Protein chains: 2
Amino acid sequence: MKTVSFEDLQKELKNRNINLSYQRLKILQYLTNSQIHPTVDQIFTDLHKDIPTLSKTTVYNTLKLLVQSDLAKVLTIEDNETRYDINIENHGHFKCESCGEIYDFTIDLDSIANKELKNFKINDKKVYFKGICPRCLN
Amino acid sequence: MKTVSFEDLQKELKNRNINLSYQRLKILQYLTNSQIHPTVDQIFTDLHKDIPTLSKTTVYNTLKLLVQSDLAKVLTIEDNETRYDINIENHGHFKCESCGEIYDFTIDLDSIANKELKNFKINDKKVYFKGICPRCLN
DNA sequence: TAATCATATTGTAATGATTACAACTCTGTA
DNA sequence: TACAGAGTTGTAATCATTACAATATGATTA
Ligand SMILES: [Mn+2]
Ligand SMILES: [Mn+2]
Ligand SMILES: [Zn+2]
Ligand SMILES: [Zn+2]
């Protein structure tokens, strides 16, 4: 699973004429460093320790910007928690129903394209699994 | 894609000692008759015409009951609309970004099980596609 | 440098979906 | 008829998200 470097992300932003403010930089760093597919609240709470003036609205705005620019993806594994993934490569997500942790896994999404959909234009594919992770099985 | 008959559903409810009230009956009928993967609001609004006393809370309660009893599934294709599917057979969902319609498609979920997950206990698999449907492509 | 302008951020209020909860209703049984 | 348990209802509370107006920032121009 390829990971896009932080520098590449900065370039991408410039390509799209998106200014890199201090807040945007910090949110982007948080997303690239953490592998936890965070919620808005996790991002806000963690960053708020360093940036006491940070507004939650800014977090929402920035994430919307990143998603619209195809630099991040929205994960809706549960109906009550929206998560964000800076890794836009195609891959699946497994959520442990016991500890709540979310695991990435590689998946060949091309192989699951379906004949029934041959006349459909497919722009996005999401694969979500749920169950119990090995750590919790012990 | 196998469809469970309404009579089978009734039996399943009895097996689980779930009483079939008039409201529950109507909600169940609505789910089996409509193939639109409705939201709570759609169910409530449509049924409210026939049952003016119906409460939205009852719709929420009944759906929660059906999901807990494994007689319905929750779909979270978008982060802002929770939908329900009475068809619990494994199948994928395609949402048209133009008209909003949701299409079922068959998919062999066993074939996309992954070696990386061989030590995981998988309880549920969801596959969501987005794009443009043939009708909207014309 | 100072003035100007566009963009970004902030805080608060509004919205909308969902849940909590207490009162009421219905149905079957003693 | 009285009672008990389950189901329903309406309202209030909660929580995530969005709208919006005021303020701040940062680049551009004179
Ligand atoms: Mn991921
Ligand atoms: Mn379906
Ligand atoms: Zn776990
Ligand atoms: Zn369409």
Side-chain angles (χ1 to χ4, degrees), chain A residues 9-10 12-31 37-69 71-85 100, chain B residues 9-10 13-31 37-69 71-84 100:
Chain A
L9 281 170
Q10 275 185 302
E12 285 298 319
L13 286 172
K14 280 201 179 136
N15 287 345
R16 286 151 224 249
N17 289 322
I18 296 171
N19 264 12
L20 196 57
S21 69
Y22 180 66
Q23 288 86 344
R24 288 176 182 172
L25 177 76
K26 286 299 189 178
I27 293 168
L28 211 51
Q29 282 181 335
Y30 185 89
L31 286 170
H37 307 89
T39 63
V40 165
D41 211 64
Q42 285 175 313
I43 299 169
F44 173 75
T45 304
D46 282 351
L47 287 183
H48 191 256
K49 295 166 191 160
D50 290 336
I51 319 167
T53 60
L54 182 67
S55 164
K56 198 174 264 191
T57 301
T58 298
V59 180
Y60 276 107
N61 288 342
T62 302
L63 289 171
K64 181 167 284 179
L65 193 70
L66 292 175
V67 171
Q68 283 172 349
S69 311
L71 295 176
K73 286 212 170 196
V74 177
L75 304 185
T76 55
I77 308 177
E78 308 275 1
D79 60 344
N80 57 351
E81 54 174 42
T82 303
R83 295 176 173 274
Y84 293 86
D85 194 347
Chain B
L9 281 169
Q10 275 185 301
L13 286 172
K14 278 199 182 139
N15 287 346
R16 288 152 222 248
N17 289 322
I18 296 171
N19 263 13
L20 197 56
S21 69
Y22 179 67
Q23 288 85 346
R24 288 175 183 172
L25 177 77
K26 287 298 189 179
I27 292 168
L28 210 51
Q29 283 180 335
Y30 185 89
L31 285 170
H37 307 89
T39 62
V40 166
D41 210 63
Q42 284 174 315
I43 299 170
F44 173 75
T45 303
D46 283 351
L47 287 182
H48 191 257
K49 294 165 191 160
D50 290 337
I51 319 164
T53 60
L54 182 66
S55 164
K56 198 173 264 189
T57 300
T58 298
V59 180
Y60 275 106
N61 288 343
T62 302
L63 289 171
K64 180 167 284 180
L65 193 69
L66 292 176
V67 171
Q68 282 171 349
S69 310
L71 294 175
K73 286 211 171 198
V74 178
L75 304 185
T76 54
I77 309 177
E78 308 275 2
D79 59 344
N80 56 351
E81 55 175 40
T82 302
R83 295 176 172 275
Y84 293 86

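Just so it is clear, the structure is predicted and the values come from calculations on it, not from any experiment. Per chain, numbering begins at 1; letters A, B, ... match sequence-line order. Side-chain atoms are counted along with the backbone in the values below, which use heavy atoms only and exclude waters and symmetry mates.
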Let me know the distance between [atom1] of [X] and [atom2] of [N], rounded to the nearest Å.
X: B:Glu78; N: D:dT18; atom1: CD; atom2: P; answer: 12 Å
X: A:Arg24; N: D:dA24; atom1: CZ; atom2: C1'; answer: 14 Å
X: B:Lys56; N: C:dT18; atom1: NZ; atom2: P; answer: 8 Å
X: A:Leu63; N: D:dA16; atom1: CG; atom2: P; answer: 15 Å
X: B:Leu25; N: C:dT27; atom1: CG; atom2: P; answer: 14 Å
X: A:Asn80; N: D:dC15; atom1: CG; atom2: P; answer: 12 Å
X: A:Gln68; N: D:dT18; atom1: CD; atom2: C1'; answer: 13 Å
X: A:Phe44; N: D:dT17; atom1: CZ; atom2: C1'; answer: 14 Å

Using the side-chain heavy atoms of [X], tell me which of these nucleotides is nearest: [options].
X: A:Ser55; options: C:dG11, C:dA17, D:dT9; value: C:dG11
X: B:Ser21; options: D:dT8, D:dT17, C:dT19; value: D:dT8
X: B:Asn19; options: D:dA6, C:dT9, C:dG11; value: D:dA6

Item to check | Strand partner of D:dA30, provided both Watson-Crick or wobble distances fall under 3.5 Å | outcome: C:dT1
Checklist entry - Counting distance only, does the side-chain N/O of A:Arg83 pair as donor-acceptor with the main-chain N or O of A:His37 below 3.5 Å? => result yes
Next on the checklist: Tell me if a side-chain donor or acceptor on A:Gln42 pairs with a main-chain N or O of A:Thr39 at a distance below 3.5 Å.
Outcome noted: yes
Item to check | Presence of A:Tyr60 side-chain N/O under 4.0 Å of D:dT18 phosphate oxygens OP1/OP2 | outcome: no
Next on the checklist: Please tell me if A:Gln23 has a side-chain N or O lying less than 4.0 Å from either OP1 or OP2 of C:dT10.
Outcome noted: yes
Checklist outcome for this item: Between A:Asn61 and A:Asp41, the residue closer to the 5' end of DNA chain D by nearest nucleotide is A:Asp41
Checklist entry - Between A:Glu81 and B:Ile51, which has a closest nucleotide on DNA chain D that is more 5'? => result B:Ile51
Checklist entry - Heavy atoms under 4.0 Å, any strand shown: does A:Thr57 hit a base, just sugar-phosphate, or nothing? => result base
Where [X] and [Y] come nearest, the two heavy atoms and their spacing:
X: B:Thr76; Y: A:Ile77; value: OG1-O, 3.8 Å
X: A:Ile27; Y: A:Thr58; value: CD1-O, 4.2 Å
X: A:Ser55; Y: A:Phe44; value: C-CE1, 3.8 Å

